Structures are given as C-alpha cells and as structure tokens.
Amino acid sequence: MTEEPEAGKSLDPQDWAELRAAGHRMLDDMFDFIQHVRERPVWRPIPPEVRAHFRTPLPQASQPLETVYKEFSEFILPYTAGNVHPAFMGWVHGGGTPVGMLAEMLSAGINANLGGRDHVPVEVERQLVEWAREMFKFPAGASGLFVTGTSLANFIAVLVARAQALGPEVRRTGVGGDGTLLRAYTSRAAHRCIPLAVDLAGFGTDSLRLIPTDHRHRIDLTALREAIENDRRDGLRPFLVIGTAGTVDTGAVDPIDDLANLCSDQGMRLHIDGAFGALAVLSPALAPLVKGLERADSIAFDFHKWAQVPYDAGFLLVRDGNLHRRTFATPAAYLRPDARGIAAGAPWFSDYGPDLSRGFRALKTWFTLKTFGVERIGSVLAHTCELARYLERKVLVERRLELLAPAQLNIVCFRFAADDSVNSQIVVDLHEAGIVAPSTTIIDGKLAIRAAFVNHRTQKCDVDALVSGVVQFGERLTV
Ligand SMILES: *Cc1c(COP(=O)(O)O)cnc(C)c1O
C-alpha cells in the first residue's frame with residue numbers, strides 16, 4: 001500500500017486558488033441575497049421534493065465543494081423562514097445584517113473556543129460584559145456571558161437565584177427539604193421558557209405562581225402581593241420574581257420599578273426577562289418605558305432580536321458576579337487555570353454557565369455595536385415602535401379590523417372582524433402568498449393576528465401590505 005502524501009491527510013484544500021474563487025463567489029451571492037431580499041417572496045412553501053432532498057444516507061465519499069454549494073443554493077437558500085425579509089413580522093425574529101454575517105465568517109475562521117484560556121477572543125466577550133453593564137447601569141463586579149438565547153439565560157438566572165436562596169451547597173444536595181418551600185412569581189403573560197426554567201432548575205412548575213395581568217397585559221401588583229402574602233402565611237418561602245420587559249404576545253412591560261421596590265421590601269430576587277424589550281435602553285425615546293431595569297438582580301436578553309446580531313446571541317447579566325460564579329464554577333484537573341501560558345486568564349466563561357465549549361458570539365456583537373454604534377441601533381428600535389403605532393392607527397380607521405392589544409412597544413395584535421378560523425386562515429394565506437408574514441396569538445380568548453416589528457428593514461409600505469392583505473384575504477374568505 002502506498003502512503004498518501006501528507007498534504008492529502010489534511011482537510012485544507014490542495015488548490016487554494018480554486019477555494020478562494022469559490023469563497024468569493026459565495027460571499028457575493030450572499031450579498032446579493034440580502035441586497036435583493038425585497039424582490040423575493042417573504043416565505044415560500046417547501047415542495048416535497050426539496051424536503052426529500054434532506055433524507056439521504058450519510059455521505060461516505062468526498063465531493064467537490066462546488067456540488068455541495070449548488071445544493072445549498074437550490075435547496076436551502078430559497079426556503080428559509082424569511083426573517084431577513086422586511087415583510088417578516090411574525091414572532092420576534094431579528095433580521096441580521098451583512099456586517100454580522102461578515103463577523104460570523106471571521107469568527108468561523110478563527111475557530112475560537114470561548115470556554116476559557118488566555119486569548120483575546122475572551123477579552124472581547126469581557127468587553128461585551130462591560131458594555132452590557134454600562135447599558136443597564138449595573139455596578140462593577142457584575143458578571144455576564146453569551147448563551148444561545150434568552151431561554152437559556154432565564155434558566156441560568158433561576159439557578160443563580162436558587163444558589164442564593166439555598167446556598168451553593170444546593171449543587172451537592174439538590175432541591176430537597178427547604179428547597180421544596182421556595183416559590184417564584186411571574187405573570188401569566190410570561191414566555192413559556194420561564195416555567196421551563198423553573199422546571200429544569202428542579203423546583204417543579206407548581207412552585208411558580210402565574211399572576212394575572214392588568215388591562216395592559218402587565219403583571220397585576222395587587223395580585224402579586226396577595227400571592228406572596230398567602231404563600232408566607234402557608235409557611236412557604238417566596239424567593240424570586242421574574243418580570244418581563246416586553247412580553248412576547250403584546251410587548252407589555254411589567255412595572256419594573258414597583259417590582260424592584262416589592263422585592264427589596266420582601267427580601268426577594270428580581271430577574272427580568274427582557275428578551276427584546278430590555279434593549280429599549282438603547283433608545284432615549286424608549287428607555288423611560290423600561291425604567292427600573294437598572295435595579296434588577298439579573299437581566300436576560302437577546303442581541304439576535306432587536307439588536308439585529310445574527311443568530312444566536314443571547315445574554316445574561318448578573319449584578320452579583322461572585323454569586324453567579326459560585327453557581328457554576330467546578331474544579332476539574334484537566335481545566336486547572338495557570339498563572340501563565342495559554343491556561344491562564346481565570347475566571348473563565350465556563351465558570352459562569354453550563355457550557356464548556358463556547359463559540360465566539362461576542363465577535364459578531366462587537367462588530368455590530370462598533371460598526372453601527374448604539375445610537376443607530378437605538379433609532380432602529382424607535383422606528384420599529386413607530387411602525388407599530390402606524391399599524392395601530394390604520395387598524396383603528398379600517399372598519400373591517402379590530403384592535404386586540406394596543407402598541408406598547410413594537411407589537412400590535414388585531415384581527416379581521418370575523419371568527420378565529422377566518423383569521424388563522426388569513427395568516428396562512430398571507431404566508432403562502434409570500435406577501436407578508438405576521439404570526440398569531442390568543443388575546444383575551446380571541447385569535448389575534450400579531451405583527452411584531454423587529455426587522456430593521458421593515459418600512460411603512462410593509463405595514464400597508466399587511467393591512468391591505470388582511471382585508472383583501474379576509475373579504476375573500478367571508479363573502
Ligand atoms: C424570544 C423570547 C424569549 C426566548 O428567547 P430565545 O432567544 O428564543 O431563547 C423569552 N422571552 C421573551 C419575552 C421573548 O420574546
């Protein structure tokens with residue numbers, strides 16, 4: 001058997017010029033994809049043969065990059081969810097930017113592992129922690145880290161609260177004894193990842209009290225106080241309030257200052273799920289809406305939603321960095337930090353969360369914040385809220401439409417004056433026509449068409465297309 005040349009063992013190309021040309025072409029294609037996004041449908045149904053294309057056996061042999069890229073262009077690129085498109089206003093999805101895309105390419109090239117060790121990528125993430133601290137006016141000593149998204153950030157925040165209530169020994173003993181007495185509180189409008197976080201932390205979802213909301217979908221403070229008093233009377237231990245800055249259904253912001261007062265009176269922790277809404281601090285026009293955030297014990301939010309950083313870039317900021325670290329730090333011989341060399345630079349990000357290997361999410365966020373500056377990002381946020389108010393005005397004057405939840409931030413819930421099934425049909429028809437992509441939710445028992453303006457590319461003409469599409473499709477379905 002003849003030995004292959006050493007170069008053949010590596011996965012790097014033998015012909016770099018060829019790879020370089022292919023790479024430049026891909027980059028140009030992606031610039032075209034973003035530049036001309038408005039010319040395409042926002043979404044298109046996936047033909048069965050396209051889906052079937054992804055049911056093939058494990059590839060054994062090599063094939064040219066060109067071939068694989070052709071498959072990507074034909075079978076993947078045209079069938080994405082559409083959140084890059086300006087007419088995408090479903091759920092709460094970020095639009096991304098070409099700057100973020102380039103940064104992703106650079107970080108893939110570096111292939112950094114941000115779990116720990118002494119390298120500047122870690123310093124970039126530390127820089128982002130400092131910027132987040134500055135954004136939310138958190139004190140020195142606050143800690144933070146990137147995670148996949150707010151779902152995970154909320155989970156980590158509950159673990160930090162657990163370590164405070166039961167001491168870090170809870171990591172050894174588990175939530176038994178006193179732990180079964182702990183109670184957490186959030187509103188009925190909280191995201192579904194909150195009960196999940198409480199479940200994953202070992203408390204069980206029964207230990208989470210879902211408090212009713214007021215007419216603006218914010219947590220009802222009187223009901224919250226009563227629930228806490230009742231639980232204390234029953235010998236239970238209220239320990240955590242989870243408020244929301246920008247609920248996923250309506251964009252409602254809980255009264256954060258009042259929650260902070262209540263928590264400090266009651267000796268409870270305050271965590272805020274600010275997945276998108278927390279970033280309102282970046283806009284002078286919106287910041288007053290989230291006043292009090294600076295008093296929270298921790299804040300979870302996403303750079304991948306309103307701040308337009310490409311997926312994924314969730315973040316958790318914790319006021320007490322020591323407590324945060326004691327919640328996770330675990331000695332392991334093979335991870336022992338040194339004073340010098342590559343293994344220096346402790347504490348490491350793996351001491352602040354469950355992940356050891358971690359990607360360089362900080363780089364695309366660093367590029368985004370530096371390239372645009374927070375002023376420009378803040379004005380994007382304010383613009384999406386103006387679009388919501390513009391839609392609200394149009395809904396109010398259009399006789400066939402009903403407003404179901406007012407625009408509090410960037411979300412409007414409304415419907416065509418007909419039953420739930422007509423409204424859900426309208427939304428699906430709009431998706432399939434590729435015109436505009438709202439989503440649905442239930443508001444006060446009624447199915448609502450929900451428009452969440454997150455994408456920085458969305459303009460008034462997209463709102464006009466939504467309104468005329470809903471009316472036209474609705475009339476067609478109700479003649
Ligand atoms: C999107 C969202 C979440 C979940 O965040 P992910 O980044 O998707 O994990 C949690 N809470 C609210 C209010 C959200 O809008």
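Hydrogens, waters and symmetry mates play no part in the numbers below; they use all other heavy atoms, side chains included. For clarity, every value in this text was computed on a predicted model and none was experimentally measured. Both counts, for ligands and for their atoms, begin at 1 and track the order of listing.
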**Item:** Donor + acceptor pair across side chains of Tyr311, Asn83 (<3.5 Å)
**Value:** no
**Asked** Arg232 and Gln266: side-chain donor and acceptor closer than 3.5 Å?
**Response** yes
**Message:** Evaluate Lys305 for polar contact with ligand 1, using N/O atom pairs at a separation under 3.5 Å.
**Reply:** yes
**Item:** Residue Phe276 vicinity, atoms of ligand 1 by number, heavy atom under 4.0 Å
**Value:** 15 (O)
**Pair Phe301 + Phe303: ring centers closer than 6.0 Å** = yes
**Request:** Return the residue, atom name and 0.1 Å-rounded distance of the protein heavy atom closest to atom 12 (C) of ligand 1.
**Result:** Ala275 CB, 3.3 Å
**Distance from atom 7 (O) of ligand 1 to nearest protein heavy atom, with residue and atom** = Asp302 OD2, 2.6 Å
**Request:** Go through ligand 1 atom by atom and flag the ones less than 4.0 Å from a non-hydrogen atom of His304.
**Result:** 7 (O)
**Fill in**
closest protein heavy atom to atom 13 (C) of ligand 1 is Gly246 O, 3.4 Å
**Prompt:** Quick one: which of Thr186, Asp199, Val158 gives a side-chain contact (heavy atoms from CB on, under 4.5 Å) with Ile194?
**Reply:** Thr186
**Prompt:** Does a side-chain N-to-carboxylate-O contact under 4.0 Å join Arg457 and Asp462?
**Reply:** no
**Prompt:** For the ring pair Tyr352 and Phe328, is the centre-to-centre distance below 6.0 Å?
**Reply:** no
**Message:** Once you restrict to heavy atoms under 4.0 Å, what part of Ala300 touches ligand 1? Side chain, backbone, both or neither.
**Reply:** neither
**Item:** Qualifying residue, where the test is side-chain contact (heavy atoms from CB on, under 4.5 Å) with Val253 and the options are Leu286, Leu409, Leu293
**Value:** Leu409
**Asked** Can you tell me if Gly314 has a non-hydrogen atom under 4.0 Å from ligand 1?
**Response** no
**Complete:** The closest protein heavy-atom partner of atom 4 (C) of ligand 1 is Ser151 OG, 3.5 Å
**Prompt:** Are any of the N or O atoms of Thr150 closer than 3.5 Å to those of ligand 1?
**Reply:** yes
**Complete:** Per-atom filter on ligand 1: closer than 4.0 angstrom to a heavy atom of Cys193 are 10 (C)
**Message:** Tell me if the centroids of the rings in Phe136 and Phe315 come within less than 6.0 Å of each other.
**Reply:** no
**Prompt:** Considering distance alone, does some N or O of Asn154 sit under 3.5 Å from an N or O of ligand 1?
**Reply:** no
**Asked** At a 4.0 Å threshold, what atoms of ligand 1 neighbour a non-hydrogen atom of Gly149?
**Response** 7 (O), 9 (O)
**Prompt:** Heavy atoms, side chains only, cut-off 4.5 Å: are Leu259 and Leu262 in contact?
**Reply:** no
**Request:** Among all protein heavy atoms, pick the one closest to atom 11 (N) of ligand 1 and tell me residue, atom and distance.
**Result:** Asp273 OD2, 2.6 Å
